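Report on one structure; see the data block that follows.
Remember, it's a predicted structure, so these values are computed and weren't measured experimentally. Heavy-atom basis, side chains included; hydrogens, waters and symmetry copies ignored. Every chain is numbered from 1, with letters handed out A, B, ... down the list of sequences.
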There are 2 protein chains.
Amino acid sequence: MVKCNDVDLDRTFAALADPTRRALLARLGREDSVSVSELAEPFPVSLPAIMKHLNVLSDAGLILRQKTGRTVSCRLNAAPMADAMEWLHHYERFWSTRLDRLADLVENEPS
Amino acid sequence: MVKCNDVDLDRTFAALADPTRRALLARLGREDSVSVSELAEPFPVSLPAIMKHLNVLSDAGLILRQKTGRTVSCRLNAAPMADAMEWLHHYERFWSTRLDRLADLVENEPS
DNA sequence: CGTACACTTAACCTTATGGTTAAGTGTAAT
DNA sequence: ATTACACTTAACCATAAGGTTAAGTGTACG
């Protein structure tokens with residue numbers, strides 16, 4: 001199993017690897033539907049820069065855009081995060097402390 | 001809260017955004033302690049390329065290296081993944097209640 | 001109509017990423 | 001001592017990422 005070419009996971013993790021993009025997602029987590037210019041406003045960078053971030057997020061499937069008149073509203077689509085989460089989940093036992101693991105054992109294997 | 005400069009999270013997600021690096025971590029998840037050349041062997045790229053990947057993983061704190069004689073053994077350090085997991089955890093409600101959201105969409109988008 | 005507004009695209013720049021080959025360092029074995 | 005081995009570093013290359021300014025598209029409004 002040399003090739004592990006999970007392009008979707010690549011894109012998801014890459015999209016999450018930037019603080020501006022995480023902040024955009026956080027905003028959409030709080031606000032549900034926000035226009036592009038409203039999204040851009042708090043950041044000290046230009047609108048085209050934000051556009052590029054939004055494109056990265058779209059390509060990763062993390063946001064959806066819908067045009068209404070001349071404004072475009074963005075909303076969160078967290079589904080791809082579930083795959084990232086699942087990948088990480090496989091490593092959970094490596095950071096759980098011994099006590100956590102003990103608790104896990106007790107929970108999952110009673111008696 | 002414009003600045004969300006979580007450099008560690010940047011590095012963790014960026015490190016995870018490459019299939020070769022994820023495969024290296026997977027190997028270390030299975031094998032606990034593996035030398036650099038053993039790690040590199042399955043991949044169709046040069047050893048220096050793998051070195052760069054290992055450096056990225058080290059910089060993200062995801063692996064630890066220990067030199068013994070002329071061989072360097074690498075082991076997984078999953079701790080930084082916990083922070084990534086925690087970040088993702090905040091969005092869990094956006095995909096775990098997907099059926100509810102689907103119903104919501106159907107309600108709010110009459111065709 | 002014309003103009004302002006919301007967004008997008010284009011062109012460009014700088015730095016980072018992922019790869020290469022070749023050379024260097026230090027330890028082990030003959 | 002010499003040679004082989006395991007890894008590292010250096011130098012280079014092509015492409016991608018993240019930013020800029022300027023120009024373009026399309027919708028709304030006076």
Side-chain angles (χ1 to χ4, degrees), chain A residues 2-25 27-28 31 33-75, chain B residues 2-25 27-28 31 33-75:
Chain A
V2 173
K3 283 271 171 186
C4 189
N5 196 16
D6 195 342
V7 179
D8 292 338
L9 213 45
D10 290 3
R11 278 202 274 252
T12 303
F13 279 129
L16 297 180
D18 182 282
T20 299
R21 287 194 291 265
R22 285 198 306 276
L24 289 168
L25 292 172
R27 174 90 181 267
L28 291 173
E31 258 170 89
S33 183
V34 187
S35 75
V36 169
S37 36
E38 283 170 340
L39 276 173
E41 188 273 326
F43 296 95
V45 299
S46 66
L47 189 56
I50 297 294
M51 283 295 301
K52 291 195 182 185
H53 285 303
L54 293 177
N55 289 337
V56 171
L57 292 170
S58 291
D59 291 348
L62 287 166
I63 64 169
L64 300 169
R65 282 136 128 179
Q66 186 185 340
K67 186 166 182 174
T68 312
R70 62 183 165 178
T71 81
V72 172
S73 58
C74 303
R75 58 177 53 235
Chain B
V2 174
K3 283 270 171 188
C4 189
N5 194 17
D6 196 341
V7 178
D8 290 339
L9 213 45
D10 291 3
R11 278 203 272 252
T12 302
F13 279 129
L16 297 180
D18 181 282
T20 300
R21 287 195 290 266
R22 286 198 305 277
L24 288 168
L25 292 172
R27 173 90 182 266
L28 291 173
E31 260 169 87
S33 184
V34 186
S35 75
V36 169
S37 36
E38 283 171 340
L39 276 172
E41 187 274 326
F43 296 96
V45 299
S46 66
L47 189 56
I50 297 295
M51 283 295 299
K52 290 195 182 183
H53 285 303
L54 293 177
N55 289 337
V56 171
L57 291 171
S58 291
D59 290 348
L62 288 166
I63 64 169
L64 301 170
R65 281 137 128 179
Q66 186 185 340
K67 187 166 184 176
T68 313
R70 62 182 166 180
T71 84
V72 172
S73 58
C74 303
R75 57 179 54 237

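Rounded to whole Å, atom C1' of C:dA10 lies 13 Å from atom CG of A:N55. Atom CE of B:M51 is separated from atom C1' of C:dT17 by 16 Å (rounded to the nearest Å). When rounded to the nearest whole Å, the span between CD of A:E41 and P of C:dA6 equals 12 Å. Rounding to whole angstrom units, CG of residue B:D10 and C1' of C:dT15 are separated by 16 Å. One can place CG of B:L39 at 14 Å from P of D:dA6, the figure rounded to the nearest angstrom. Taking atom CZ of residue A:R11 and atom P of nucleotide C:dT17, one finds them 19 Å apart after rounding to whole Å.
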Expected list for residues 48-56 of chain B: side-chain donor-acceptor pairs under 3.5 angstrom, two or more places apart:
| unit_1 | atom_1 | unit_2 | atom_2 | d |
| --- | --- | --- | --- | --- |
| B:H53 | ND1 | B:R21 | NH1 | 3.1 |
| B:N55 | OD1 | B:R65 | NH1 | 3.1 |
| B:N55 | OD1 | B:R65 | NH2 | 3.0 |
| B:N55 | ND2 | B:M51 | O | 3.4 |

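Taking B:T71 as the reference, nothing meets the side chain to side chain contact (heavy atoms under 4.5 Å, CB included) condition, with sequence neighbours excluded. Not counting sequence neighbours, A:E41 has no partner by the side chain to side chain contact (heavy atoms under 4.5 Å, CB included) test. Considering only residues two or more places apart in sequence or on other chains, B:A17 meets the side chain to side chain contact (heavy atoms under 4.5 Å, CB included) condition with A:F13, A:A14.
At least one side-chain heavy atom of A:L16 sits under 4.5 Å from a side-chain heavy atom of A:L62. Side-chain contact check for B:V34 versus B:C74: every heavy-atom pair is 4.5 Å or farther apart.
Distance CG/A:L28 to CG/A:L57: 8.5 Å, rounded to 0.5 Å.
Contact record, A:D18 with A:T20: OD1-N, 2.8 Å, taken as the closest heavy-atom pair.
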Pairs under 3.5 angstrom, nitrogen or oxygen only, protein versus nucleotides 12-21 of chain D, please.
| unit_1 | atom_1 | unit_2 | atom_2 | d |
| --- | --- | --- | --- | --- |
| D:dG18 | OP1 | A:R21 | NH2 | 3.4 |
| D:dG18 | OP2 | A:R21 | NH1 | 3.0 |
| D:dG19 | OP2 | A:H53 | NE2 | 2.2 |
| D:dG19 | N7 | A:K52 | NZ | 3.0 |
| D:dG19 | O6 | A:K52 | NZ | 2.3 |
| D:dT20 | OP1 | A:S46 | N | 3.4 |
| D:dT20 | OP2 | A:S46 | N | 2.9 |
| D:dT20 | OP2 | A:S46 | OG | 2.5 |

Next item on the list: Summarise how protein sits on nucleotides 23-30 of chain D as a single string, 5' to 3': B when a protein heavy atom is under 4.0 Å from the base, S for sugar-phosphate-only contact, - for no contact.
Entry: ---BBS--
